[in-house]
Student: 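Handing you this structure, nothing more for now.
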Amino acid sequence: YANQSFNGFLNRLLTDQSMSVFDFSSEPATVRFLTRGVAALMLAAAFLITRARDTGADGERRVALGYGLVVLTKLLVSPISWQHHYVLALVPLALMTGEVAARGSRDALAALVCAYLAMALDLFPLIRRELPFGSRPAMSYVLYGGIILWLLTARMLRAPRGAETA
């Protein structure tokens, strides 16, 4: 199975490394620089979004969603996140299910369903068998689901509980 972090995505996009290699290999400087840059930006964004503020009754909700955002950030920026590591995304997925149900937003529900399907389905054998070499970014389908869930969680954290996030 393919590495489902930004590092794996960039390696598939910018190198011709075999997808059958499951150990550490030397990365080109471009991949190393971009991976660390994306990680720094995502960590900074997660910090800014989850930082403590006077939230009153909304505090417990913000702490729970903030935890979910940190878990997702770890999965996305880790040097290696195999598909089975995404079991950790069940926590933010459960939190977001409650948030979406409470808000009743169809757009948020559609994004949540897309994120869940991308992370839950095992499409790797199909992609390897059916798609040509030029479609290597398709192997990052779990990463794409994680990104969708990260964005949705960040969006919910930015809005107060009573606000509609259509």
Side-chain angles (χ1 to χ4, degrees), residues 1-51 62-100 108 110-158:
Y1 290 92
N3 180 359
Q4 296 296 327
S5 68
F6 276 110
N7 180 271
F9 170 75
L10 291 170
N11 270 295
R12 279 188 289 286
L13 192 64
L14 301 174
T15 71
D16 59 354
Q17 181 179 15
S18 167
M19 293 296 98
S20 299
V21 174
F22 294 106
D23 58 357
F24 289 102
S25 59
S26 59
E27 296 176 324
T30 306
V31 171
R32 198 169 35 258
F33 175 76
L34 288 173
T35 296
R36 282 146 183 86
V38 167
L41 288 173
M42 289 204 67
L43 289 168
F47 172 77
L48 291 173
I49 293 167
T50 60
R51 75 182 191 280
R62 285 193 51 79
V63 168
L65 290 177
Y67 176 76
L69 192 72
V70 169
V71 166
L72 288 169
T73 303
K74 176 252 174 245
L75 286 169
L76 299 175
V77 304
S78 178
I80 293 179
S81 289
W82 300 122
Q83 188 170 356
H84 63 271
H85 294 170
Y86 274 77
V87 71
L88 294 172
L90 287 173
V91 172
L93 192 61
L95 292 168
M96 288 311 303
T97 300
E99 277 292 307
V100 169
L112 186 62
V113 168
C114 288
Y116 170 74
L117 290 174
M119 291 185 293
L121 296 177
D122 183 9
L123 302 175
F124 191 70
L126 175 70
I127 290 170
R128 285 191 62 131
R129 186 178 63 246
E130 301 297 331
L131 294 179
F133 178 81
S135 298
R136 288 166 50 123
M139 289 185 196
S140 294
Y141 61 94
V142 177
L143 171 68
Y144 304 146
I147 292 170
I148 293 168
L149 187 57
W150 192 96
L151 291 170
L152 184 61
T153 304
R155 186 172 135 197
M156 294 290 184
L157 265 166
R158 303 287 296 160

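Because only heavy atoms are used, hydrogens play no part in the values below, and waters and symmetry mates are left out as well, while side chains stay in. In this chain, residues are counted from 1 in sequence order.
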Student: How far does CG of Leu157 sit from CG of Leu48, to the nearest 0.5 angstrom?
Tutor: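 Going from the CG atom of Leu157 to the CG atom of Leu48 covers 12.5 Å.
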Student: How close do Leu72 and Gly146 get, heavy atom to heavy atom, and via which atoms?
Tutor: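 Scanning both residues, the minimum pair turns out to be CD2-O, 4.5 Å.
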Student: Kindly compute the distance separating CG (Leu143) from CD1 (Ile147), expressed to the nearest 0.5 Å.
Tutor: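 With rounding to 0.5 Å, CG (Leu143) is 4.0 Å from CD1 (Ile147).
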Student: Measure the spacing between CG of Leu43 and CZ of Phe47 and express it to the nearest 0.5 Å.
Tutor: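 The CZ atom of Phe47 is 11.0 Å from CG of Leu43, to the nearest 0.5 Å.
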Student: Please find the pair of heavy atoms, one from Ser5 and one from Pro79, that lie closest to each other, and give the distance.
Tutor: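 Nearest heavy atoms, Ser5 then Pro79: OG-O, 3.3 Å.
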Student: Side chains of Ile127 and Arg136: does their closest heavy-atom pair fall under 4.5 Å?
Tutor: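 Side-chain contact under 4.5 Å: no.
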Student: Can you give me the closest heavy-atom contact between Asp122 and Pro125, atom names plus distance?
Tutor: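 Closest approach of Asp122 to Pro125, heavy atoms only: OD1-CD, 3.4 Å.
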Student: Distance from Tyr116 atom OH to Leu90 atom CG, nearest 0.5 Å?
Tutor: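 Those atoms lie 8.5 Å apart.
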Student: What's the separation between atom CG in Leu95 and atom CG in Leu152, rounded to the nearest 0.5 Å?
Tutor: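 Answer rounded to 0.5 Å: 11.5 Å.
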Student: Nearest 0.5 Å please: distance from the CG atom of Leu93 over to the CG atom of Leu112.
Tutor: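 If we round to the nearest 0.5 Å, Leu93:CG and Leu112:CG are 5.5 Å apart.
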Student: By side chain to side chain donor-acceptor pair (under 3.5 Å), which residues pair with Ser140, not counting sequence neighbours?
Tutor: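 Once residues adjacent in sequence are excluded, the partners of Ser140 under the side chain to side chain donor-acceptor pair (under 3.5 Å) criterion are Arg12.
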Student: With sequence neighbours excluded, what pairs up with Leu14 under the side-chain contact (heavy atoms from CB on, under 4.5 Å) test?
Tutor: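 With neighbours one apart ignored, the set is Leu10, Thr30, Val31, Leu34.
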Student: Mind listing the closest non-hydrogen atom pair of Leu121 and Gln83 along with its distance?
Tutor: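 Closest approach of Leu121 to Gln83, heavy atoms only: O-NE2, 3.5 Å.
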Student: Test side chain to side chain contact (heavy atoms under 4.5 Å, CB included) on Glu99 and Thr153 and set out the steps.
Tutor: CA-CA 9 Å; Glu99 277 292 307; Thr153 304; over 6 Å; no
Student: Are any of the side-chain heavy atoms of Ile148 and Met119 separated by less than 4.5 Å?
Tutor: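 Answer no - side chains too far apart.
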Student: Please find the pair of heavy atoms, one from Ala115 and one from Gly145, that lie closest to each other, and give the distance.
Tutor: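 In this case the closest contact between Ala115 and Gly145 is CB-O, 3.4 Å.
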Student: Where the side chain of Asn3 meets the backbone of Trp82, is there a donor-acceptor pair that is under 3.5 Å apart?
Tutor: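 Not a single qualifying donor-acceptor pair exists.
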Student: How about OH on Tyr67, more than 12 heavy atoms from neighbouring residues, nucleotides or ligands closer than 6.0 Å, or not?
Tutor: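 Atom OH in Tyr67 is not packed in, count stays at 12 or less.
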Student: So, does Tyr144 use its side chain to make a donor-acceptor pair with the main chain of Ala118 at under 3.5 Å?
Tutor: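 It does not hold such a pair.
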Student: So, Tyr86 side chain and Ser81 main chain: donor-acceptor pair closer than 3.5 Å or not?
Tutor: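 Flag not set: sc Tyr86 to bb Ser81 has no pair under 3.5 Å.
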Student: Considering non-hydrogen atoms only, spot the tightest contact between Ala154 and Ile49 and give its length.
Tutor: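 Answer, listing the atom of Ala154 first, then Ile49: CB-CD1, 3.7 Å.
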Student: Applying side chain to side chain donor-acceptor pair (under 3.5 Å), can you list everything that pairs with Thr73, at least two apart in sequence or on another chain?
Tutor: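 Only Trp150 meet the side chain to side chain donor-acceptor pair (under 3.5 Å) criterion with Thr73.
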Student: Going through the checks in order, is the side chain to side chain contact (heavy atoms under 4.5 Å, CB included) test met by His85 and Gln4?
Tutor: CA-CA 9 Å; His85 294 170; Gln4 296 296 327; over 6 Å; no
